[in-house]
> 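Attaching a single structure in structure tokens format; questions to follow.
Count residues from 1 along the sequence. The basis for the numbers below is simple: all heavy atoms, side chains too, and nothing from hydrogens, waters or symmetry mates.
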Amino acid sequence: MNRTLSESQIDAALEVLYEGLVALRMAAMAGDAGTCEAISDALHNLPDLVRVGDKRGWTVERFVYLFLSPLAERKPEAAAWAAKLRNA
């Protein structure tokens with residue numbers, strides 16, 4: 001477990017994962033493979049933030065920089081996911 005994360009940050013990460021999976025499902029239903037790829041490419045890293053992120057030097061801010069900021073350029077709702085993690 002990433003000992004640098006607070007309980008509220010872990011809760012926020014789970015909420016972001018939930019919202020991301022819903023967005024992924026909606027994109028899949030719409031046949032939007034590009035959006036599915038973009039969301040899954042970013043969010044598949046979220047469990048590693050919680051589990052072993054401290055071993056990789058990942059903080060919430062680093063995770064946002066590496067994965068959610070690039071996603072937000074394509075999918076603006078990812079900016080809200082980043083804010084949710086930052087404000088936890």
Side-chain angles (χ1 to χ4, degrees):
M1 185 67 73
N2 184 341
R3 299 188 195 294
T4 66
L5 298 180
S6 68
E7 188 173 327
S8 63
Q9 289 173 316
I10 293 170
D11 287 344
L14 289 172
E15 182 65 24
V16 168
L17 185 58
Y18 169 79
E19 291 178 14
L21 288 171
V22 170
L24 184 61
R25 184 181 70 211
M26 299 305 290
M29 289 172 44
D32 187 350
T35 294
C36 290
E37 187 276 330
I39 293 170
S40 61
D41 187 50
L43 295 187
H44 87 272
N45 296 292
L46 197 51
D48 274 353
L49 170 66
V50 174
R51 290 184 314 114
V52 294
D54 52 339
K55 292 174 181 71
R56 296 180 176 188
W58 291 357
T59 60
V60 164
E61 197 56 44
R62 185 82 175 139
F63 182 84
V64 167
Y65 173 78
L66 288 172
F67 304 111
L68 295 183
S69 292
L71 178 60
E73 292 176 14
R74 180 175 181 156
K75 298 299 296 172
E77 62 266 29
W81 300 339
K84 189 170 290 203
L85 283 172
R86 284 179 172 142
N87 295 328

> Could you pull out all residues at least two apart from E77 that satisfy salt bridge (charged side-chain N to carboxylate O under 4.0 Å, His left out)?
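Only K75 meet the salt bridge (charged side-chain N to carboxylate O under 4.0 Å, His left out) criterion with E77.
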> For the residue pair L85 and L46, what are the closest heavy atoms and their distance?
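What the structure gives for the nearest pair is CD1-CD1, 4.5 Å.
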> Distance from L49 atom CG to T59 atom OG1, nearest 0.5 Å?
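Result: 8.0 Å between the selected atoms.
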> Give, for atom CE of M26 and atom OG1 of T35, the distance between the pair rounded to the nearest 0.5 Å.
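So the gap between those two atoms works out to 12.0 Å.
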> Side-chain atoms of residues 10-21: list all donor-acceptor pairs with protein atoms under 3.5 Å, sequence neighbours left out, distances to 0.1 Å.
residue : atom : partner : partner atom : Å
E19     : OE1  : W81     : NE1          : 3.1
E19     : OE2  : K84     : NZ           : 2.5

> Under the rule for side chain to side chain donor-acceptor pair (under 3.5 Å), what residues qualify as partners of T4, not counting sequence neighbours?
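Applying side chain to side chain donor-acceptor pair (under 3.5 Å) to T4 gives N2.
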> Tell me which donor-acceptor pairs under 3.5 Å the side chains of residues 63-74 have, and how far apart each pair is, sequence neighbours excluded?
residue : atom : partner : partner atom : Å
S69     : OG   : V64     : O            : 3.2
R74     : NH2  : G34     : O            : 3.2

> State, to 0.1 Å, how close S6 and Q9 come at their nearest heavy-atom pair, and which atoms those are.
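So the minimum-distance heavy-atom pair works out to N-OE1, 2.8 Å.
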> Only pairs at least two apart or in different chains count here, so list each salt bridge (charged side-chain N to carboxylate O under 4.0 Å, His left out) that has a residue in residues 25-49.
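Residue pairs with at least one partner in residues 25-49: D48-R51, D48-R56.
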> Please name all residues satisfying side chain to side chain donor-acceptor pair (under 3.5 Å) with R86, sequence neighbours left out, ordered by chain then number.
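Partners of R86 under the side chain to side chain donor-acceptor pair (under 3.5 Å) test: E61.
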